[in-house]
Amino acid sequence: MSERILFYGASKGRGVVAAIDDDNRLGDVRVIPEGSFARDWTAFTGLSGDRILFYSASRGGGVVAAIDDDNNIGDVTLIPNGSMAKDWTEVTALSGDRILFYGKSKGRGVVAAIDDDNNVGDVRVIPEGSFAKDWTEIAGLSGDRILFYSATRGGGVVAAIDDDNNIGDVTLIPNGSMATDWTQITAVSGDRILFYGKSKGRGVVATIDDDNRIGDVQVIPEGSFAKDWTEVSALRPQESRLTAGLAAESRLA
């Protein structure tokens with residue numbers, strides 16, 4: 001079984017839809033040419049129903065797009081400029097079609113919800129200072145868990161979010177436990193996490209167990225990926241879990 005992942009490069013407005021199988025083999029499915037995307041998307045996340053929320057910090061706006069079985073991407077709903085705050089640095093989908101927005105500069109956040117008509121509304125405001133200010137990547141995991149990663153420290157936290165959108169730390173991942181060059185992370189099925197490092201075009205597929213222990217599964221060598229991907233997110237054909245996909249070339253675009 002393969003699942004899809006969208007790689008996006010802001011500098012050229014290009015992308016790749018890739019697939020990952022159960023043995024952690026990665027390959028290209030479809031190359032999305034330069035200029036196909038806007039170049040100012042600063043974060044995106046896969047939503048249920050194979051939808052994708054694109055967010056632009058410079059405009060405080062976005063788009064909810066959809067991707068079909070042939071990996072064609074089309075806009076579904078425009079989120080007008082100014083509809084969202086401009087300080088969100090990370091956006092990740094949670095269960096129940098909730099979305100966590102995180103702002104690094106103030107350590108603040110919002111848990112929002114998105115309905116089937118792509119209407120986005122705030123559910124809970126998380127005040128300034130509630131989060132550390134050095135999280136560089138966030139990924140939603142199964143069991144309503146969230147992985148926060150700091151590239152500056154090579155450490156992180158696995159937190160949990162309940163049905164009332166209360167967030168609490170569960171497990172500390174000590175500084176130095178992870179490499180410090182990961183620039184994107186995304187969760188895929190089977191409680192796996194894809195770590196991508198832009199500077200070397202390398203990656204790791206890791207796994208996380210129910211006790212929040214993280215271990216490497218497969219090392220993806222330097223040069224395996226292009227070096228211009230600025231956002232990476234798994235797609236989600238079902239609401240219940242994050243899934244992702246890629247299929248058939250030796251190098252990811």
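Fair warning: this is a prediction, and the values are worked out from it, not measured in the lab. Positions are given from 1 along the sequence.
Within the 3.5 Å criterion, the main-chain N or O of Ala159 finds no donor-acceptor partner in the side chain of Thr171. Although no hydrogens or angles enter the test, the distance criterion places a donor-acceptor pair under 3.5 Å between the side chain of Thr136 and the main chain of Ala151. No donor-acceptor distance shorter than 3.5 angstrom exists from the side chain of Arg153 to the backbone of Ser150, with no hydrogens or angles considered. The closest donor-acceptor contact from the side chain of Ser224 to the backbone of Gly201 lies at 3.5 Å or more, if one exists at all. Distance alone, capped at 3.5 Å, is enough to place a donor-acceptor pair between the Thr230 side chain and the Tyr8 backbone.
In this structure, Asp40 pairs ionically with Arg59, as a charged nitrogen and a carboxylate oxygen lie closer than 4.0 Å. The residues Lys198 and Asp228 are annotated as not salt-bridged, no charged nitrogen and carboxylate oxygen being separated by less than 4.0 angstrom. Looking at Arg124 and Asp164, no side-chain N of the basic residue comes within less than 4.0 Å of a carboxylate O on the acidic one, giving no salt bridge.
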Please lay out, stage by stage, how Ile32 and Arg14 fare under the test side chain to side chain contact (heavy atoms under 4.5 Å, CB included). CA-CA 6 Å; Ile32 303 171; Arg14 76 183 193 101; 6.0 Å; no
Pair Ile20, Leu194 - check side chain to side chain contact (heavy atoms under 4.5 Å, CB included), show working. CA-CA 10 Å; Ile20 183 169; Leu194 171 63; 5.7 Å; no
Under the criterion side chain to side chain contact (heavy atoms under 4.5 Å, CB included), I'd like the reasoning laid out for Val63 against Trp41: C-alpha separation, chi angles, the key distance, then a yes or no. CA-CA 10 Å; Val63 163; Trp41 301 130; 3.9 Å; yes
Could you walk me through whether Leu94 and Ile146 satisfy the side chain to side chain contact (heavy atoms under 4.5 Å, CB included) test, starting with their C-alpha distance in whole Å, then the side-chain angles of each, then the deciding distance to 0.1 Å, before giving a yes or no? CA-CA 8 Å; Leu94 309 172; Ile146 308 165; 3.8 Å; yes
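Outside the 6.0 Å centre-distance limit, the rings of Tyr55 and Phe44 are not counted as a close aromatic pair.
Looking only at atom types and distance, the side chain of Asp191 has no donor-acceptor partner in the side chain of Thr207 under 3.5 Å away. A donor and an acceptor atom, one from each side chain of Ser2 and Asp21, are nowhere located under 3.5 Å apart.
Of all heavy-atom pairs spanning Asp97 and Ser48, the tightest one is OD2-OG, 2.8 Å. In plain terms, the two heavy atoms of Asn165 and Arg98 that are nearest each other are OD1-NH1, 2.7 Å.
Hydrophobic clustering (ILVMFWY, side-chain heavy atoms < 4.5 Å, transitive): Val111 and Val170 are in distinct clusters. Cluster annotation: Trp135 is connected to Leu172 through the hydrophobic network of ILVMFWY side chains, with a link wherever side-chain heavy atoms come within less than 4.5 Å. A single hydrophobic cluster is not seen to contain both Ile167 and Val123; linkage of ILVMFWY side chains at heavy-atom distances under 4.5 Å, directly or through other members, places them apart. Following chains of ILVMFWY side-chain contacts shorter than 4.5 Å, one cannot reach Val217 starting from Leu147, and the two form parts of different hydrophobic clusters. Linking Ile, Leu, Val, Met, Phe, Trp and Tyr residues whenever their side-chain heavy atoms come within less than 4.5 Å places Val125 and Met84 in a single cluster.
Taking the six-membered ring for Trp and thresholds of 30 and 60 degrees, Phe131 and Phe148 have ring planes inclined between 30 and 60 degrees apart. The aromatic rings of Phe195 and Tyr149 lie perpendicular to each other, with more than 60° between the two planes, well past the 30° mark.
The number of heavy-atom neighbours closer than 6.0 Å to CG of Asp69, taken from other residues, nucleotides and ligands shown, is 12 or below.
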